[in-house]
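For reference, the structure discussed in these notes is given below.
Chain A is the first sequence line, chain B the second, and so forth, proteins listed ahead of strands; every chain is numbered from 1.
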Amino acid sequence: MKKLRVFLFVIVSLALLASGCTGSGGSSGSSGDTTKDNILHVAKDTDIRSLDTNVATDGLSFEVIETFTDSLLDYDAAGNLIPRLAESWSVSEDGLTWTFNLRKDATWSNGDPVTAHDFVFSWRRLASPDLASDYNYMVSTADIVNAAGVMDGSLPLEDLGVEAVDDYTLVVHLAHSVPYFDQLMTFPVFNPLNEAFVTAQGDNYALSVDALLSCGPFILTEWTPGSGWKVTKNPDYYDADSIKIDGIDFILSSDYQASALLFENGQVDITKLSASLVDQYSSNPAFQQVPDGYLWYLSLNFEIHPELRNVNLRLAMAWAIDRDNITQNIMKDGSYSAYYMIPIGLATGPDGKDFRDGGPTYYGYDLEKAKEYLELAKAELGVDSFTFEFLIEDSEEAKNNAAQIQADLAEIGITLEIVSVPKSERLSRMNKSQKDFQIGMTRWGPDYADPNTYLGDNFSAANSYLIEFWNNADYNACVADIVPGGALSTDVAARWDRMYECEAILMAEVPIIPIWQSGISELVSTRVHGLEQHVVGLTSYRNITLD
Amino acid sequence: MVKYVLKRLFWALVTVLLILFILFLLLEFMPGSPFNEEKLTVDQIRILKEHYGLDKPFFEKFWIFLVNATKGDFGISYNLQKNMKVSQIVMPRLWVSVRLGLQAIGLGSVMGVILGVISGSNQNNWKDSVATIMAVVGVSIPSFVFALTLSFLLGYKIPIFSMIYQANHPFASTILPTISLSLFTMAQVTRFLRTELVEVMDSEYIRLATVKGLSRIKILFKHGFRNALISVVTIFGPLVVNVLTGSLVIEKIFSIPGIGGLLVLAIQSSDYNIIVMVTFIYSVLYIAVNLLVDVLYGVIDPRIRVSKGA
């Protein structure tokens with residue numbers, strides 16, 4: 001009897017404790033306030049997928065790799081190219097030979113110097129069919145001599161056009177002049193690797209923190225998959241004096257609500273916000289929105305639905321979608337309405353301005369205009385109604401936006417039947433070998449800071465069946481001028497102007513229909529200064545100072 | 001008894017093999033592929049499939065898997081932790097889930113037994129009502145509501161406990177998820193134990209014991225409790241496996257690197273080897289726990305042992 005009373009007492013007091021939301025301070029318990037240390041605390045929503053510079057494919061993995069290794073070149077806060085492991089660099093007049101003079105004071109964390117041979121080894125490994133890297137196409141994007149032959153195994157690795165003239169001189173031979181080759185050198189797949197170490201580790205290389213070498217501002221000291229990772233300042237880094245923080249503690253928090261509460265409790269300095277939390281935090285001084293490079297667009301399958309070849313039908317759809325409603329009222333995460341092809345913040349021109357800064361926007365939201373175009377299309381095609389299957393992935397974001405697009409098009413009498421499938425299935429069905437969709441919602445992220453990553457790589461007849469369907473002579477000629485080896489590949493200013501023309505030709509006929517450019521909403525503590533976030537380059541933590 | 005267990009073990013093995021076969025068949029028909037980045041060319045996808053052995057015919061793939069699995073090699077991950085051995089990815093997470101599960105079951109069953117006994121032996125008075133209300137509330141509240149409430153109140157408002165999992169404090173940082181997960185176990189155990197205990201306490205041999213003048217405690221624990229336990233053991237099997245295999249929702253709320261979330265991630269990114277290994281573990285756990293429960297019946301109640309013919 002007495003025991004029972006004690007038990008009930010405990011239960012009741014626990015309940016009272018739980019409901020007594022006093023909220024004033026409270027003891028810190030197991031989770032301390034971290035605002036006093038010189039360590040940056042970052043909440044992340046996904047885990048590292050690979051620490052191998054040649055194997056990684058996702059943005060987060062590259063962001064982590066970039067904390068503990070250096071690339072040849074890098075971006076400063078404003079997005080200008082600056083030297084890192086390369087002290088200086090030059091390109092031959094024909095644009096085919098690039099020479100990088102490496103700094104002599106860079107070392108690996110085992111004491112070995114970082115040399116030109118480390119780059120040659122890494123690039124050959126990247127291209128090697130034995131590694132089967134998802135990202136090896138960057139070697140062909142860079143148009144390095146013999147890239148295709150080395151990648152399919154018909155040529156030996158040694159034939160790849162990269163050589164170490166001496167320990168500190170790296171020479172790269174290109175098949176064509178690549179106007180943005182220097183931009184590519186900021187991309188971590190091209191970072192160096194210490195051959196002796198990588199070979200000794202074999203299959204275990206980069207699978208744990210002990211199987212890694214560092215040559216960057218930080219050293220990866222801890223990684224608990226599923227839970228988080230830590231980097232600490234690299235005392236032997238050549239530029240260690242400029243690194244002002246002792247390290248970064250990344251914690252994995254899969255729930256944005258929990259991350260936001262951790263931020264409020266001072267346990268986290270930086271965290272991303274989901275759309276549902278934006279209203280709650282938009283007046284917080286720590287709230288920020290930054291553009292991201294992903295462009296979401298509608299893919300149209302001309303093959304299955306030949307009506308889509310009708311330009312007026314496509315224009316009707318382009319004018320009927322209220323993108324501002326989608327970005328402002330549904331997504332609310334800082335995404336931009338895309339009335340254009342080349343994203344905001346992607347590339348800086350010879351005049352030092354962003355491509356979109358001064359660049360035009362095409363079409364808009366105008367139901368009357370959309371209806372006019374649709375009437376023209378109906379007359380031309382002799383069809384009274386249009387019904388399409390609309391393939392999307394089953395994410396919350398895609399489903400909400402697709403429902404809005406469906407409603408918008410219904411306004412002018414075009415019926416979309418939404419088919420929502422897992423992302424990997426959507427990608428398979430929209431792949432070149434399947435083309436099993438009618439209208440699909442998909443995206444493209446940039447690989448480097450040049451409009452060619454969209455115009456030449458994704459939206460050219462050579463690489464995309466969507467553009468091949470359309471096969472517009474003016475557009476094809478335009479793209480031919482701006483791609484590597486094209487007529488304008490060495491004339492920076494003329495090439496820049498020509499890219500506006502390419503975009504204008506494409507947008508006048510919308511063979512694909514841009515919807516939105518993604519953005520990121522986040523909380524960045526006011527004690528954090530010097531966080532550098534780029535649309536193309538990776539988030540850089542090296543210049544951060546903490547109050 | 002030994003013969004009975006051996007027979008059950010044999011059928012367990014057949015069941016696992018059958019499950020794996022069906023799983024492989026399902027994966028074969030699953031749309032999507034681990035290699036479908038927008039930027040991959042058709043040639044690259046072919047090279048990747050060859051590299052990871054996904055271009056082989058179905059039966060060859062299944063056979064290679066079986067041979068390697070008997071050596072404890074479940075292959076490597078294609079996506080989630082690229083090129084890492086699947087066992088290296090799954091085992092630490094399994095341990096996290098099992099550890100949390102055991103904590104939750106421990107707490108839940110102790111609390112459940114206490115409440116169940118209080119409730120069953122004090123039928124229809126206020127103690128019974130309090131315990132019953134707690135049990136009903138425990139069954140009715142979805143675990144995520146309870147978990148979010150706990151996290152908000154005891155993690156954020158009064159920061160006594162950690163809101164998210166910390167690998168270096170596996171116990172301290174799993175107190176809230178343990179309580180959240182134990183709620184359902186507690187409620188179930190309470191309800192079943194009460195019902196059974198009420199019935200047992202009403203039976204004739206208990207009345208005889210009372211007439212013989214045995215003490216209340218002795219009647220309750222020596223004669224009543226053991227007989228009532230059989231109902232709890234019945235529900236305990238599935239309950240244990242449910243909790244051990246991880247609760248997706250609880251894992252998400254507290255960012256626990258458990259096996260439930262891993263399976264979902266693996267399915268989303270078509271990381272076949274991880275899907276297979278996790279499913280294999282789930283199946284083995286289910287079969288093992290059910291086997292254990294059947295054996296436990298016999299230990300608790302000799303009548304069942306006899307009727308099973310061992």
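One distance of note links CG of A/Asn265 with OG of B/Ser162; it measures 10.5 Å at 0.5 Å rounding. Atom CD of residue A/Glu222 and atom CG of residue B/Asn168 lie 6.5 Å apart, to the nearest 0.5 angstrom. We find the CG-OG distance between B/Asn79 and A/Ser50 to be 11.0 Å, quoted to the nearest 0.5 Å. The structure places CD1 of B/Ile164 at 7.0 Å from OG of A/Ser259, a figure rounded to the nearest 0.5 Å. A distance of 11.5 Å separates CD1 in B/Ile253 from OG in A/Ser253, rounded to the nearest 0.5 Å.
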Step-by-step side chain to side chain contact (heavy atoms under 4.5 Å, CB included) determination, B/Ile76 to A/Asp203: CA-CA 11 Å; B/Ile76 56 174; A/Asp203 284 346; over 6 Å; no
Test log, rule side chain to side chain contact (heavy atoms under 4.5 Å, CB included), inputs B/Asn83 and A/Asp52: CA-CA 10 Å; B/Asn83 294 342; A/Asp52 186 330; 5.8 Å; no
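Contacts between B/Ile45 and chain A at a heavy-atom distance below 4.5 Å involve the side chain alone, from C-beta outward. Heavy atoms closer than 4.5 Å to chain B are found nowhere in A/Ser61, neither backbone nor side chain. At a 4.5 Å heavy-atom cutoff, the contact between A/Thr224 and chain B is made by side-chain atoms alone. For A/Asn431, the part lying near chain B is the side chain, with the backbone staying farther off; criterion is any non-hydrogen pair under 4.5 Å. Looking at A/Leu51, neither its backbone nor its side chain comes within 4.5 Å of chain B, counting heavy atoms on both sides.
Between the side chain of A/Ser424 and the backbone N or O of B/Ser269, no donor-acceptor pair lies under 3.5 Å. For B/Lys82 (side chain) and A/Ala56 (main-chain N/O), no donor-acceptor pair under 3.5 Å exists by modelled atom type.
Nearest heavy-atom pair, A/Asp255 versus B/Lys252, reported as atom, atom and distance to 0.1 Å: CB-O, 3.5 Å. The heavy-atom pair separating A/Pro225 from B/Pro257 by the smallest distance is O-CB, 4.0 Å. When every heavy atom of A/Leu261 is checked against every heavy atom of B/Met163, the shortest pair comes out as CB-SD, 3.7 Å. Among all heavy-atom pairs drawn from B/His51 and A/Ala132, the shortest one is CG-CB, 3.6 Å. Looking at every heavy atom in both residues, B/Met84 comes nearest to A/Leu207 through CE-O, 3.1 Å. A/Pro129 and B/Ile47 make their closest contact through O-CG2, 4.3 Å (heavy atoms, listed as atom of the first residue, atom of the second, distance).
A/Tyr294 OH: 12 or fewer foreign heavy atoms inside a 6.0 Å radius. By the 6.0 Å contact criterion, NZ on B/Lys85 is open, its count of non-hydrogen atoms from other residues, nucleotides or ligands being 12 or less. Residue-environment remark: NZ (A/Lys435) exceeds the threshold of 12 foreign heavy atoms within 6.0 Å.
Counting heavy atoms from C-beta on, the side chains of B/Gln81 and A/Asp47 come closer than 4.5 Å.
The choice from B/Pro92, B/Ala167, B/Ser270 that makes the most heavy-atom pairs within less than 4.5 Å of chain A is B/Ala167. Ranked by heavy-atom pairs under 4.5 Å with chain B, the list A/Asn463, A/Asp130, A/Thr46, A/Asp152 is led by A/Asp130. The residue among A/Asp447, A/Ile251, A/Asp394, A/Thr57 with the most heavy atom pairs within less than 4.5 Å of chain B is A/Asp447. The greatest number of non-hydrogen atom pairs below 4.5 Å with chain B, out of A/Ala206, A/Ser227, A/Pro422, is found for A/Ser227. Counting heavy-atom pairs closer than 4.5 Å to chain B, the top residue among A/Glu425, A/Gln434, A/Gln257 is A/Glu425.
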Let me check something: any side-chain donor-acceptor pairs from residues 136-153 of chain B under 3.5 Å, sequence neighbours excluded? List them with distances.
residue, atom, partner, partner atom, Å
B/Ser140, OG, B/Val136, O, 2.4
B/Thr149, OG1, B/Val145, O, 2.5

